[in-house]
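Worksheet: one structure, shown below.
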2 protein chains.
Amino acid sequence: MKFEAVTIKDIAKALGLSTSTVSRALRDSYEISAETKQLVLECAEKLNYKPNPIALSLKEKRSRSIGVVVCEIANNFFSQIINGIESIAYDKGYNVIVAQSRESYEREVIDLQFLASRSVDGLIISLSTETTDLTHIKTLHDRGMPIVLIDRITDEIDTHKVITDSYKGVYEATEHLIKNGFKRIAAIGGSEFLSITNERLAGYHDALKANNLSFSKEYVQHCFYGGMVFSEVEEAMNKLLTLKRKPDAVITTSDKLTTGCLKTLKRRGLHVPNDIAIIGFSNSDIMELFDPPLTYIRQPAEEMGRDATELLLQLVESKRPIKEFEKRVLSPKLVIGSSSRKQ
Amino acid sequence: MKFEAVTIKDIAKALGLSTSTVSRALRDSYEISAETKQLVLECAEKLNYKPNPIALSLKEKRSRSIGVVVCEIANNFFSQIINGIESIAYDKGYNVIVAQSRESYEREVIDLQFLASRSVDGLIISLSTETTDLTHIKTLHDRGMPIVLIDRITDEIDTHKVITDSYKGVYEATEHLIKNGFKRIAAIGGSEFLSITNERLAGYHDALKANNLSFSKEYVQHCFYGGMVFSEVEEAMNKLLTLKRKPDAVITTSDKLTTGCLKTLKRRGLHVPNDIAIIGFSNSDIMELFDPPLTYIRQPAEEMGRDATELLLQLVESKRPIKEFEKRVLSPKLVIGSSSRKQ
DNA sequence: TTTATTTACGCAATCGATTCCGTATTTTAA
DNA sequence: TTAAAATACGGAATCGATTGCGTAAATAAA
């Protein structure tokens with residue numbers, strides 16, 4: 001029992017015109033006289049005519065909507081990105097369809113196929129942790145689908161990208177720890193296949209080197225699901241805590257890893273920062289309420305979403321194919337709490 | 001430069017059949033011979049045919065998609081709800097289009113119009129804080145659009161509803177405080193126009209009465225934007241703290257209010273729970289990391305989302321109009337921390 | 001053998017909007 | 001006054017898939 005919307009036919013019938021004339025009048029075609037236009041416009045207004053976007057999509061092969069694939073919505077970082085995407089899309093008259101891969105390659109493939117078949121005009125993608133084979137995205141890209149990669153990117157696809165300078169973020173965080181007197185700094189990262197993991201760990205590595213601290217492999221742990229699975233984090237933490245040369249600080253490279261570590265430490269009755277200091281990535285607004293208030297690396301998530309959307313809509317609305325792509329690198333912010341300073 | 005998908009026509013051409021035969025063969029119609037079906041199916045497989053959902057939407061006036069309107073995505077409670085919605089919708093082959101009202105009545109109206117015009121098959125709505133006039137929703141509902149209200153509901157619309165028993169949640173929380181020796185318990189709620197605010201405050205009120213504590217109006221503060229605007233919370237808290245008879249505990253009725261209050265207290269250098277105890281609503285997973293670990297009321301958000309979606313799809317897929325509606329009331333959980341017990 | 005009934009398929013309309021053509025009428029130019 | 005050009009509009013195809021209706025051929029019943 002669906003309601004019947006007013007169509008162009010209703011206007012045509014009401015005015016004794018053809019649908020073509022009405023259509024042209026509404027689009028202000030030069031072929032239509034001023035009086036007829038006036039009549040049609042008034043009638044459309046009166047009947048509260050709204051063009052049917054589905055019919056338009058079918059005809060024009062565009063839908064004025066963009067698809068977004070992220071691993072999870074219920075995550076501050078990504079929900080803030082979506083906020084950013086939505087704000088720009090909304091202004092430009094696009095609507096946003098969000099899909100979650102939940103870190104699964106399989107779901108990412110299905111999601112993208114689904115979005116493509118609903119003829120979204122473009123895609124903003126943050127790769128799932130499981131994704132190593134990129135053919136599903138390459139195929140879309142090759143067929144001309146505008147794509148912007150955000151946060152978790154890949155070199156294999158040549159398109160616009162938006163990231164934060166996580167190398168710098170972690171580099172600064174590591175130096176901050178070193179300046180505060182920590183010497184045995186460990187790191188817990190996400191999947192080794194993720195661009196961001198490696199970049200972040202590189203920042204950690206280089207900061208150690210630059211400060212004449214030795215880099216030790218056993219100080220670097222990986223959690224494949226980036227903290228989505230708590231046991232993973234627990235295990236990584238345990239490995240670090242049972243080392244002969246126990247670390248005095250740890251850096252975590254994602255939101256979930258950060259809170260996972262903190263939980264593990266708390267449950268083990270360890271004190272931050274006296275037993276072990278910590279700096280992690282986070283996009284939560286309530287880190288100051290933690291015990292102790294956390295020092296964290298915050299990414300400009302909303303801005304990333306906005307930038308990605310602007311770049312995407314450039315691609316979508318461009319007349320000629322674009323060959324020159326931009327990699328936009330935003331700066332993270334180190335928010336100083338007291339989890340990184342000996343008490 | 002959009003890619004051309006394989007259509008039913010391509011199959012027809014390849015096989016020298018008519019499009020109607022192909023269509024019927026794909027839908028396994030009795031009118032088509034087994035051999036032809038076989039041929040068509042094989043060919044469709046080979047060409048990687050995918051039906052065009054937009055064409056289907058136009059024809060069938062349904063889109064196998066549902067619209068969701070919430071005030072904000074970047075909020076644990078709502079993103080968990082969306083998670084729940086998505087999981088069911090995904091299983092049943094529906095896709096989910098999310099829109100944010102950002103607590104604005106105007107945006108809610110626009111969002112709903114937009115979703116309706118994209119012919120979503122149904123809507124899951126959580127009212128914005130500003131919404132007092134419900135004609136935009138009533139209009140859709142009267143025209144037969146299946147609607148499920150979630151969390152922030154209204155009596156004015158007769159349809160399925162999914163809520164948590166926040167009365168009970170707050171009642172229990174209040175009693176918990178009373179049992180722990182608190183006597184001057186205040187409350188900070190959201191907008192007075194919101195169903196949930198009043199229900200929650202009723203729970204507070206009744207628990208006081210039942211325990212022979214006096215109810216005082218000055219102990220109840222309202223924040224119109226439910227904590228979205230921090231200054232609002234600060235002001236409410238300040239009012240409470242400057243009362244002659246200063247409260248020794250406070251209950252906050254939403255996620256944002258809870259964290260807002262905690263921030264205010266922390267910034268003022270007040271200690272929880274010694275200076276003032278607190279129990280608040282929250283759907284965050286990291287309350288145990290707070291200083292002190294928070295006692296909070298947690299709503300089964302994912303389950304709410306799942307339930308709402310199941311109810312909605314019942315409406316959507318029902319042959320006859322449904323006249324009997326269900327109000328599903330789920331139970332919140334009181335998670336005990338140490339913000340509610342004197343030290 | 002003739003008629004009735006299946007079987008298996010094609011034609012064309014439909015959904016809503018756009019747009020290429022064609023054309024009657026009016027206006028302008030020759 | 002007549003031919004050319006501009007104006008203003010309608011008809012019909014199109015996008016992709018579905019479906020009511022019509023029908024030729026094959027089969028079954030009389």
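In what follows, chains carry the letters A, B, and so on, assigned in the order in which the sequence lines appear, proteins first and then strands, with residues in each chain numbered from 1.
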Discussion item. With the threshold set at under 4.0 Å for non-hydrogen atoms, list the residues of residues 22-48 of chain A touching DNA chain C in residue-number order.
Written reply: S23(A), R24(A), R27(A)

Discussion item. Measuring from the side chain of N52(B) (C-beta onward, heavy atoms only), which nucleotide among dT19(C), dC9(D), dG16(D) has the closest atom?
Written reply: dG16(D)

Practice prompt. Using the six-membered ring of Y90(A), assess whether NZ or CZ of R102(B) lies under 6.0 Å from its centre and within 45 degrees of the ring axis.
Written response: no

Discussion item. Do the side chains of R152(B) and E108(B) get close enough for a salt bridge, i.e. N-O under 4.0 angstrom?
Written reply: no

Practice prompt. Starting from the C-alpha separation in whole Å, work towards a yes-or-no answer on side chain to side chain contact (heavy atoms under 4.5 Å, CB included) for I73(B) and I73(A).
Written response: CA-CA 8 Å; I73(B) 297 178; I73(A) 298 177; 3.4 Å; yes

Please tell me if [X] has a side-chain N or O lying less than 4.0 Å from either OP1 or OP2 of [N].
X	N	result
Y49(A)	dG16(C)	no
K59(A)	dG16(D)	no
S18(A)	dG10(D)	yes

Discussion item. For Q314(B) and E310(B), which I'm curious about, is there any donor-acceptor pair between the side chains at under 3.5 Å?
Written reply: no

Discussion item. Under the rule for side-chain hydrogen bond (donor to acceptor under 3.5 Å, both in side chains), what residues qualify as partners of K50(A), not counting sequence neighbours?
Written reply: N48(A)

Worksheet item: Which residues pass the side-chain hydrogen bond (donor to acceptor under 3.5 Å, both in side chains) test with N95(A), sequence neighbours left out?
Response: none

Value in whole Å for how far the [atom2] atom of [N] lies from [atom1] of [X]:
X	N	atom1	atom2	answer
L17(A)	dT7(D)	CG	C1'	15 Å
L15(B)	dC9(C)	CG	P	11 Å
E60(B)	dC15(C)	CD	C1'	11 Å
L58(B)	dG16(D)	CG	P	12 Å
K9(A)	dT14(C)	NZ	C1'	7 Å
K61(A)	dA17(C)	NZ	C1'	15 Å
K50(B)	dA17(D)	NZ	C1'	16 Å

Discussion item. What's L56(B) touching, base or sugar-phosphate or nothing? Going by heavy atoms closer than 4.0 Å.
Written reply: sugar-phosphate

Item to complete: Remember a base hit wins even if backbone is also touched, and classify I54(B) as base, sugar-phosphate or nothing at under 4.0 Å, heavy atoms.
Response: nothing

Discussion item. If you define the side chain from C-beta out and look only at heavy atoms, does anything of K327(A) sit under 4.5 Å from I153(A)?
Written reply: yes

Practice prompt. Kindly indicate whether the side chain of S20(B) and the base of dC11(C) share any N or O donor-acceptor pair separated by less than 3.5 Å?
Written response: yes

